[in-house]
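For this chain, numbers begin at 1 and follow the sequence in order. Please read all numbers here as calculations on a predicted model, not as lab measurements.
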Amino acid sequence: MQPSVARQQASAPPAVVSQRVAQLRPDGSAIQCAFSNESSLTISRFLASFIRPSDQIEFDPTTADPMRELRVVQSTPRRPRELYFVPIGYVTQPKPDKRDEYFVRAEVAGGRLGIRQIYLPNPAVRDYFYFGNRRRAGCEDQTLYDLLRVLPTATPVDLRLALKVRLLELQTDAAPKDQIQAVERAFNLLAHPDLRSCYQALLLDPQAPVLFPYGGFGALLAAGELSPDRETFFARKILSFLPDRRERRFRAPLRKVEFYDGYAVYRDSRRKAELILDPISLPLAFDPTWNQWRHLVSTKFGAEATFVKSGKYRLSGGEWHLVDWETALPSRLKITLPRDTQEVLANARNLHHRFGQFFDAIERIRVRLEQEPIERQELDRICDSLHIPPDFDIAQISWKPDYDWFYFGQLRKRTRKMFLYRDEFIFELERAVVVEIPQQGHATYVFSRPGNLDQWVRDYARTLKDDLRKNRTNAAERLGFLGRVMHGRNPKTWLRDLRAKVGEAVDYSLLAVETH
């Protein structure tokens with residue numbers, strides 16, 4: 001049984017005050033709460049709509065933004081009713097309590113009132129996010145599918161088309177803003193595979209555990225009561241939730257998209273970004289077989305969307321750490337593809353087919369590359385003797401799915417001679433030798449240009465990377481090791497650093513442009 005406010009509670013932190021509202025006065029676009037001690041607090045009109053004269057407001061007046069966290073105790077005939085408005089962080093996955101009733105916990109972000117977490121029972125999350133439209137008169141039996149006017153069997157394409165039609169209808173009819181928002185929210189829930197699965201379970205069993213959409217992070221207003229120790233606010237009802245959001249625009253490699261039946265997902269651990277795509281937002285006739293050869297696709301697509309903040313736990317060093325993440329709202333997503341995308345896809349699919357067609361011959365080449373470096377022209381002659389067509393790019397045998405073609409392209413256009421060795425490329429440039437591993441997470445190794453390249457390559461093949469970094473047995477001195485250039489987050493920054501390392505002229509006035 002949840003604690004009652006009638007029980008004696010712990011004291012609030014010293015800086016926290018509790019003031020009784022004497023009057024609410026309009027103040028431009030806000031409302032000024034005038035207290036009985038003649039002080040005041042300016043709050044939003046939205047928050048003021050829940051507050052009445054004689055209510056008690058608890059806040060910390062020493063903070064730069066006192067209205068960021070408020071606890072309101074309302075005077076009601078039966079017993080006090082509490083409201084709590086606060087920014088929240090990560091919301092946990094649902095789990096059962098001692099009575100086998102599901103709940104989630106929301107972390108209080110930067111709280112000053114002593115409250116550390118918010119207990120949200122399953123019905124509160126369910127009724128606000130998933131069954132919210134049923135609170136309106138005449139909509140008691142209306143589902144999210146009904147809002148979009150589609151069947152529960154609707155595909156992602158059906159949902160996207162339905163959204164466009166419904167928004168057009170509502171805009172033509174000059175419908176109220178809340179109706180448009182309800183339709184958009186329905187689409188954003190159903191377009192996300194995990195949230196749709198959660199909703200499907202709720203339609204079969206209203207007591208099924210529910211996910212807090214996108215994992216929290218935003219401004220929450222809840223009604224409930226504070227625990228006696230003041231560390232937990234037990235919410236009974238969610239009155240409002242506004243997620244943290246921002247607009248983002250970037251270009252992303254198509255090879256990082258995971259393809260499923262009817263939808264696709266792009267996740268980028270560097271950008272901490274996630275996109276849920278359908279065949280309309282990503283206008284390609286894809287299917288799950290594309291995952292077999294997507295790593296061979298070099299093109300990038302443009303992404304522009306409204307992102308909501310979320311979080312994911314990652315296991316690192318034997319401990320779980322919360323990592324900030326951002327997920328694009330499917331309704332606010334726009335994808336642009338280069339004009340040559342279809343040609344690039346066809347080439348990647350054909351290359352994958354050839355890898356299978358000449359599998360045995362390629363494996364023989366792999367065995368040789370494990371033993372010795374082979375110069376590219378010599379490798380072409382070997383391919384010809386094994387009846388591999390000359391238009392087949394044998395260099396692709398080392399590529400990993402997460403590698404960015406930009407690095408290889410920049411090095412190749414500067415190359416005089418190129419070797420393949422194991423899973424590495426060795427490039428002879430005008431003033432240096434560069435070693436590249438076509439896989440994310442690796443750095444570019446730069447060496448001074450030797451007098452005898454063939455001898456240098458043989459010496460390098462007998463040297464470990466750790467020997468170079470630690471100069472074990474003078475390996476770094478012997479091979480002329482100049483250092484590493486990290487790939488980092490921005491390929492243009494890598495290119496600037498590479499130019500400086502290999503002795504090319506660098507225009508540092510372009511630094512601001514390159515690092516954007």
Side-chain angles (χ1 to χ4, degrees), residues 251-257 266-273 293-300 314 316-317 323 348 355 365-366 369-376 379 393-415 417-429 432-449 456-457 459-472 475-476 478-502 504 514-515:
R251 294 178 69 240
L254 194 57
R255 57 186 164 73
K256 286 193 174 183
V257 175
Y266 166 83
R267 293 188 181 93
D268 189 333
S269 59
R270 290 186 176 183
R271 288 192 177 93
K272 303 294 188 296
W293 47 268
R294 62 187 171 93
H295 63 284
L296 301 172
V297 178
S298 59
T299 195
K300 293 185 177 183
R314 294 283 185 261
S316 177
V323 179
F355 268 116
I365 293 174
R366 289 185 193 275
L369 289 175
E370 285 294 321
Q371 304 299 323
E372 59 176 326
I374 303 178
E375 197 267 327
R376 178 59 190 262
L379 198 56
D393 188 3
I394 193 63
Q396 296 275 1
I397 67 175
S398 300
W399 283 42
K400 299 298 184 294
D402 56 4
Y403 184 63
D404 193 334
W405 186 89
F406 176 87
Y407 303 108
F408 178 82
Q410 291 295 326
L411 292 169
R412 186 178 63 179
K413 71 180 184 180
R414 292 169 164 77
T415 297
K417 186 178 288 188
M418 172 180 169
F419 293 78
L420 274 73
Y421 175 58
R422 294 182 177 174
D423 58 351
E424 302 177 3
F425 297 130
I426 302 174
F427 299 96
E428 180 195 20
L429 309 186
V433 174
V434 172
V435 176
E436 177 81 354
I437 298 178
Q439 183 176 353
Q440 181 177 315
H442 287 271
T444 303
Y445 283 68
V446 182
F447 303 83
S448 59
R449 193 167 182 271
W456 184 93
V457 169
D459 290 344
Y460 173 79
R462 295 191 294 266
T463 306
L464 300 176
K465 289 287 195 306
D466 193 54
D467 295 340
L468 289 171
R469 290 189 291 265
K470 298 179 179 179
N471 194 31
R472 188 178 290 119
R478 187 174 67 254
L479 293 173
F481 180 51
L482 301 178
R484 298 182 296 172
V485 181
M486 307 305 295
H487 284 177
R489 296 191 174 205
N490 191 332
K492 290 184 179 180
T493 301
W494 166 88
L495 179 58
R496 181 204 64 206
D497 295 343
L498 177 72
R499 286 173 177 170
K501 186 74 72 175
V502 302
E504 292 185 11
E514 289 189 345
T515 56

Side-chain donor or acceptor of [X] paired with backbone N/O of [Y] under 3.5 Å:
X: Arg414; Y: Gln410; value: yes
X: Arg255; Y: Tyr403; value: yes
X: Asn471; Y: Ala476; value: yes

Heavy-atom pair of closest approach, residues [X] and [Y]:
X: Ala432; Y: Val446; answer: CB-CG1, 4.2 Å
X: Arg472; Y: Asp466; answer: NH2-OD2, 3.0 Å
X: Leu468; Y: Ala475; answer: CD2-O, 4.0 Å
X: Lys256; Y: Tyr266; answer: CB-CE1, 3.8 Å
X: Leu429; Y: Val502; answer: CD1-CG1, 4.1 Å
X: Ile374; Y: Leu379; answer: CG2-N, 3.8 Å

Distance (rounded to the nearest 0.5 Å) between [X] [atom1] and [Y] [atom2]:
X: Thr444; Y: Asp497; atom1: OG1; atom2: CG; answer: 10.0 Å
X: Thr415; Y: Phe425; atom1: OG1; atom2: CZ; answer: 10.5 Å
X: Arg496; Y: Asn490; atom1: CZ; atom2: CG; answer: 8.5 Å
X: Leu464; Y: Lys470; atom1: CG; atom2: NZ; answer: 11.0 Å
X: Asp423; Y: Arg366; atom1: CG; atom2: CZ; answer: 10.0 Å
X: Arg422; Y: Ser398; atom1: CZ; atom2: OG; answer: 12.0 Å

Under the ring pair (Phe, Tyr, Trp, His ring centres under 6.0 Å) test, which residues partner [X], sequence neighbours left out?
X: Phe447; value: Trp456, Tyr460, Phe481
X: Tyr421; value: none
X: Phe406; value: none

Listed by chain and number, what are the side-chain hydrogen bond (donor to acceptor under 3.5 Å, both in side chains) partners of [X], not counting sequence neighbours?
X: Arg412; answer: none
X: Asp404; answer: Lys300
X: Arg462; answer: Asp459

Are Leu420 and Met418 close enough, and set up right, to give a side chain to side chain contact (heavy atoms under 4.5 Å, CB included), and what steps lead you there? CA-CA 7 Å; Leu420 274 73; Met418 172 180 169; 3.6 Å; yes
**Prompt:** Does Lys272 come within less than 4.0 Å of Asp268, counting only side-chain N to carboxylate O?
**Reply:**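 Salt bridge between Lys272 and Asp268, a charged N being under 4.0 Å from a carboxylate O: no.
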Would you mind checking if Glu428 and Arg449 are paired as a salt bridge, meaning a charged N to carboxylate O distance below 4.0 Å?
->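 Judged by the 4.0 Å cut-off on N to carboxylate O distance, Arg449 and Glu428 do form a salt bridge.
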Within 45 degrees of the ring normal and closer than 6.0 Å to the centroid, is that where the cationic atom of Lys417 sits relative to Phe427?
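Negative - Lys417 is either too far from the ring of Phe427 or too far off its axis.
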Checklist entry - Could you go step by step and tell me if Thr493 and Met486 meet the side chain to side chain contact (heavy atoms under 4.5 Å, CB included) rule? => result CA-CA 9 Å; Thr493 301; Met486 307 305 295; over 6 Å; no
Is there a side-chain contact between Leu482 and Lys501, using heavy atoms and a 4.5 Å cut-off?
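Yes; the side chains approach each other to less than 4.5 Å.
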Modelled atom types, side-chain donor and acceptor of Glu436 and His487, under 3.5 Å: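 There is such a pair between these side chains.
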Self-check item: Residues Tyr445, Glu424; criterion side chain to side chain contact (heavy atoms under 4.5 Å, CB included); working and verdict
Solution: CA-CA 11 Å; Tyr445 283 68; Glu424 302 177 3; over 6 Å; no
